Amino acid sequence: GIISYCEKIERGYEAQQTLKALKAVEDKTSIEYRQLYAKFNDKEWLDNYFKYFGYGTYYHADQSQLEENAKLLIPNIPLSFYSFHIMVLLGFLFILIFLLFGYFTYTQKLENKKWLLWLGILSAPLAYIASEAGWVMTEVGRQPWVIQDMMSTLTAVTNIDSTSVIVTFFLFVAIFTALLIAELKIMFTAIGKGMSEH
């Protein structure tokens, strides 16, 4: 009962063509329009064809190319697998460190546990690794879908000109540089006042 990727692609392509044909009909009162529109109210057609709408993006008339396109639907399994396990492993490590800190703080022995204090400091970068591993797992694992079975990353790509991206990037650089300069000026002014008062 499992449908192959190639079959899903062909069914999705048929759904896309049906929608395209529906939009192309100018006379909304015509029999052709009503027949096409009726498909979108037919539960069986929705479950067997429209359900795979996004797969149609990978359609190709040549069967060998269609089979190659079907392989694009499989995300990078090892990268997703290990990213997830790194994230979970570090999560449990953080819980353990938190519990150790909590216990030794409660028993008022924390200042004697130099190894734990060092562990706390050295484990700080691990939070970034856990966060990035989580993002890698999420973004790679969901490939190639932006909306599962409906919109692929191929169709979600915008046609923005590269100059627009470059201009936006440098605008952000300018704004954040100005904010950094303002923040440093405020901070040094406050430090200077604090030192002159004492």
Side-chain angles (χ1 to χ4, degrees), residues 1-91 127-173 175-176:
I2 297 172
I3 302 170
S4 70
Y5 275 149
C6 290
E7 179 66 25
K8 287 180 179 180
I9 290 169
E10 287 169 353
R11 291 184 182 195
Y13 181 72
E14 185 175 327
Q16 287 179 355
Q17 294 308 303
T18 305
L19 182 61
K20 190 176 179 181
L22 180 70
K23 287 184 172 183
V25 177
E26 292 181 9
D27 183 9
K28 306 299 181 200
T29 60
S30 68
I31 294 171
E32 183 188 3
Y33 182 83
R34 278 182 278 166
Q35 285 174 341
L36 290 167
Y37 188 79
K39 285 188 174 185
F40 291 92
N41 290 318
D42 179 13
K43 188 178 182 330
E44 188 177 334
W45 188 82
L46 290 173
D47 290 342
N48 290 314
Y49 289 90
F50 193 75
K51 181 181 179 180
Y52 307 111
F53 186 85
Y55 288 88
T57 307
Y58 295 89
Y59 179 79
H60 198 281
D62 179 33
Q63 188 64 31
S64 61
Q65 186 59 51
L66 179 67
E67 288 171 10
E68 284 300 311
N69 289 353
K71 292 175 185 174
L72 298 173
L73 295 165
I74 304 166
N76 188 325
I77 304 298
L79 185 58
S80 301
F81 178 85
Y82 290 111
S83 296
F84 175 76
H85 283 78
I86 288 168
M87 177 187 69
V88 171
L89 181 71
L90 289 174
Y128 299 107
I129 294 170
S131 176
E132 291 305 312
W135 273 110
V136 167
M137 190 272 298
T138 302
E139 297 302 321
V140 173
R142 73 176 174 85
Q143 291 297 321
W145 301 111
V146 175
I147 303 170
Q148 184 69 40
D149 298 339
M150 294 303 286
M151 179 187 271
S152 69
T153 49
L154 284 176
T155 53
V157 176
T158 58
N159 295 323
I160 296 174
D161 187 29
S162 61
T163 53
S164 299
V165 177
I166 292 167
V167 168
T168 306
F169 172 77
F170 284 111
L171 281 172
F172 273 105
V173 168
I175 290 166
F176 281 104

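All values below were derived from every heavy atom in this structure, side-chain atoms included, with hydrogens, water molecules and symmetry-related copies excluded. Throughout, numbering of the chain's residues begins at 1 and tracks the sequence. Note that the structure is predicted; figures quoted are calculated from it, not measured.
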Review point. Hey, what do you get for CD1 (I74) to CD (Q143), rounding to the nearest 0.5 Å?
Key: 13.0 Å

Without placing hydrogens or testing angles, list every side-chain donor-acceptor pair under 3.5 Å for residues 7-15, not counting sequence neighbours.
from	atom 1	to	atom 2	distance (Å)
E7	OE2	R11	NE	2.8
R11	NH1	N48	O	3.3

Exercise for review: Can you measure from CH2 (W145) to CG (L154) and round to the nearest 0.5 angstrom?
Suggested key: 9.5 Å

Study note, to complete from the structure: Nearest heavy-atom approach of V146 to A156 is CG2-CB, 3.4 Å

**Study point:** Derivation of the side-chain contact (heavy atoms from CB on, under 4.5 Å) call for M87 and V136
**Key:** CA-CA 10 Å; M87 177 187 69; V136 167; over 6 Å; no

Study note, to complete from the structure: Taken to the nearest 0.5 Å, the spacing of L46 CG from N41 CG works out to 7.5 Å

Point to revise | Rounded distance (nearest 0.5 Å) linking atom OG1 of T18 with atom CZ of F50 | key: 10.0 Å

Check your understanding: Considering residues, nucleotides and ligands other than Q148, do more than 12 of their heavy atoms fall under 6.0 Å from its CD?
Key -> yes

Review point. With distance as the sole test, does S80 use its side chain to make a donor-acceptor pair with the main-chain N or O of N76 at under 3.5 Å?
Key: yes

**Study point:** Shortest non-hydrogen separation from P75 to G141 and the atoms involved
**Key:** CG-O, 3.9 Å

Review point. Any side-chain heavy atom of M137 within less than 4.5 Å of one from I86?
Key: no

Review point. Once you round to the nearest 0.5 Å, how far does OH of Y59 lie from CD of Q16?
Key: 11.5 Å

Can you list, pair by pair, the side-chain donor-acceptor contacts under 3.5 Å of residues 20-30, counting residues two or more places apart and other chains?
from	atom 1	to	atom 2	distance (Å)
D27	OD1	T29	N	3.1
D27	OD1	T29	OG1	2.6
K28	NZ	V25	O	3.0
S30	OG	D27	O	2.9
S30	OG	Y33	N	3.2

Practice item. Evaluate whether atom CD1 of I175 has more than 12 neighbouring non-hydrogen atoms of other residues, nucleotides or ligands under 6.0 angstrom away. Key: yes

**Study point:** Interatomic distance, S64 atom OG to N69 atom CG [nearest 0.5 angstrom]
**Key:** 9.5 Å

Revision key, fill the gap. For M150 and K51, the nearest pair of non-hydrogen atoms, with its separation, is SD-O, 4.4 Å

Review point. Is the number of heavy atoms from other residues, nucleotides or ligands within 6.0 Å of OH (Y37) greater than 12?
Key: no

Point to revise | Pair Y55, D149: side-chain N/O donor-acceptor within cut-off below 3.5 Å | key: yes

Check your understanding: Do T155 side-chain atoms and M151 backbone N/O form a donor-acceptor pair below 3.5 Å?
Key -> no

Output a table of donor-acceptor pairs, distance under 3.5 Å, between side-chain atoms of residues 162-170 and any protein atom two or more places apart or on a different chain; print 'none' if there are none.
from	atom 1	to	atom 2	distance (Å)
T163	OG1	D161	OD2	2.5
T168	OG1	S164	O	2.7

